[in-house]
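All values below were derived from every heavy atom in this structure, side-chain atoms included, with hydrogens, water molecules and symmetry-related copies excluded.
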Amino acid sequence: MTDYLNDISPRMAAKIAGAGYLVIILCGVFAEFFVRSRLIVPGDAAATASNIMASEFLFRIGIAGDLIMLVFDVVVALALYVLLRPVNKSLALLAAFFRLTHTAINGINLLNSVFALLLVNGPGYLTSFRPDQLYSQMLLFLNAHSYGYLIALVFFGFHCLILGYLIIKSDYIPGVLGILMIAASFGYLIDSFANILLSGYADYKTIFLIIVAVPAIVAELSLCLWLLFKGGEIRI
């Protein structure tokens, strides 16, 4: 395994990380904003079930998009480790572990979406339940998916924090990208813990969304584009 990693040059690792990041961003945005946000009606199980049944294939594509995103998360974790290990091998490995833990949690968490789908269009034995009971359980699984995602983001937040530090300490990646990644990490961590700790989180949801969305989009998209278009010029 070590010999294989040595065969990957930092330039190649940067291109792989950039391409993988682009796939992750596209799949993540599609699954969250074009599928879940479109189909899930917060607090309304019947409307959500109706939306999913009417657009079942779209919901399934969203699940497939999440799976693709998780596969490329593993690829990006490896590529970033190779790219940043010259700065600090132990911290680069720790960052990779945090990202892989985030990926593993999200992989298991994706089962909640599958369970929700089964409840609205599943096996015949579910007919022993009333539709309203099935729809309530479905919404419970979808809410559980949201919380599972938040738990995974805690680990991703620490990944971004270490990643940002390593970028700043490197002399071959612009330090401003590291600062942006650290800002994104605090956004992820603040929002995840606030969602769990604050019973009235919904009252401040828009504020926390801005805290997370703006730094995350700017940081991760900037890093993605730099790796894609400038990563091939890296000199170590």
Side-chain angles (χ1 to χ4, degrees), residues 10-40 58-84 92 95-96 98-107 109-110 113 145-146 148-164 166-167 173-174 176-192 208-232 234:
R11 294 180 186 180
M12 179 59 68
K15 292 180 180 179
I16 292 173
Y21 235 128
L22 183 60
V23 173
I24 290 169
I25 291 171
L26 292 176
C27 288
V29 168
F30 175 78
E32 182 62 33
F33 296 103
F34 290 90
V35 179
R36 284 188 288 271
S37 293
R38 177 180 173 182
L39 300 181
I40 298 174
L58 177 63
F59 191 75
R60 290 179 181 274
I61 293 176
I63 295 174
D66 281 329
L67 283 172
I68 294 171
M69 180 177 66
L70 295 176
V71 169
F72 277 89
D73 253 323
V74 176
V75 175
V76 170
L78 173 64
L80 290 177
Y81 166 72
V82 172
L83 179 63
L84 292 168
F98 271 121
R99 188 170 195 125
L100 291 175
T101 302
H102 152 266
T103 304
I105 294 173
N106 268 333
N109 184 49
L110 198 55
S113 293
H145 176 270
S146 297
Y149 199 76
L150 288 170
I151 292 171
L153 281 180
V154 171
F155 292 89
F156 188 72
F158 282 108
H159 162 78
C160 292
L161 181 64
I162 300 171
L163 183 64
L166 290 171
I167 290 174
I173 303 176
V176 65
L177 294 176
I179 295 172
L180 290 174
M181 290 303 297
I182 290 175
S185 76
F186 282 114
Y188 285 129
L189 293 172
I190 290 171
D191 181 63
S192 294
F208 283 111
L209 180 61
I210 294 173
I211 291 174
V212 174
V214 174
I217 291 173
V218 173
E220 295 191 72
L221 187 58
S222 297
L223 179 60
C224 168
L225 294 176
W226 188 89
L227 290 169
L228 272 176
F229 297 106
K230 301 296 288 184
I234 286 177

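- Closest approach of Ile162 and Ala95 over heavy atoms only: CG2-CB, 3.8 Å.
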>> Between Val35 and Ile61, is the side-chain contact (heavy atoms from CB on, under 4.5 Å) condition met? List the steps.
In response: CA-CA 8 Å; Val35 179; Ile61 293 176; 5.8 Å; no
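- More than 12 non-hydrogen atoms from other residues, nucleotides or ligands lie less than 6.0 angstrom from CZ of Phe30.
- In terms of modelled atom types and a separation under 3.5 Å, the side chain of Ser37 and the main chain of Glu32 share a donor-acceptor contact.
- For the pair Leu150 and Val154, the minimum side-chain heavy-atom distance is 4.5 Å or more.
- Heavy-atom minimum distance, Asn109 versus Tyr149: ND2-N, 3.3 Å.
- No donor-acceptor pair under 3.5 Å is formed between the side chain of Ser192 and the backbone N or O of Ile151.
- Side-chain contact between Ile25 and Ile217 is absent, with no heavy-atom pair separated by less than 4.5 Å.
- For the atom pair OG1 (Thr101) and CD1 (Ile105), the distance works out to 6.5 Å, reported to the nearest 0.5 Å.
- Between the CZ atom in Phe156 and the OG1 atom in Thr103 there is a gap of 8.5 Å [rounded to 0.5 Å].
- One distance of note links CG of Asp66 with NE2 of His145; it measures 5.5 Å at 0.5 Å rounding.
- With respect to Leu223, the side chain to side chain contact (heavy atoms under 4.5 Å, CB included) criterion is satisfied by exactly one of Leu228, Ile167, Leu180: Ile167.
- Counting only heavy atoms from C-beta outward, the side chains of Ile173 and Leu83 approach each other to under 4.5 Å.
- Separation of atoms CZ (Phe72) and CD1 (Ile24) is listed at 8.0 Å; rounding is to 0.5 Å.
- Residue Leu78 holds its CG atom at 9.0 Å from CG of Leu100, rounded to the nearest 0.5 Å.
- In this structure, Cys224 and Gly18 approach most closely via the heavy-atom pair SG-O, 3.4 Å.
- Contact annotation: the side chain of Leu58 approaches that of Arg38 to within less than 4.5 Å [non-hydrogen atoms, C-beta and beyond].
- The nearest pair of heavy atoms linking Gly164 to Met181 is CA-CB, 3.9 Å.
- For Cys27 against Met69, the heavy-atom pair with the smallest separation is CB-CB, 4.1 Å.
- Under the 4.5 Å side-chain criterion, counting only non-hydrogen atoms from C-beta, Val75 is in contact with Ile16.
- Two residues are said to be in side-chain contact when any heavy atoms from C-beta on lie closer than 4.5 Å; Phe158 and Leu189 meet this criterion.
- Interatomic distance, NE2 of His102 versus CG of Leu70, reported as 7.5 Å (0.5 Å rounding).
- Taking every heavy atom of both residues into account, Pro215 and Ile210 meet most closely at CD-O, 3.6 Å.
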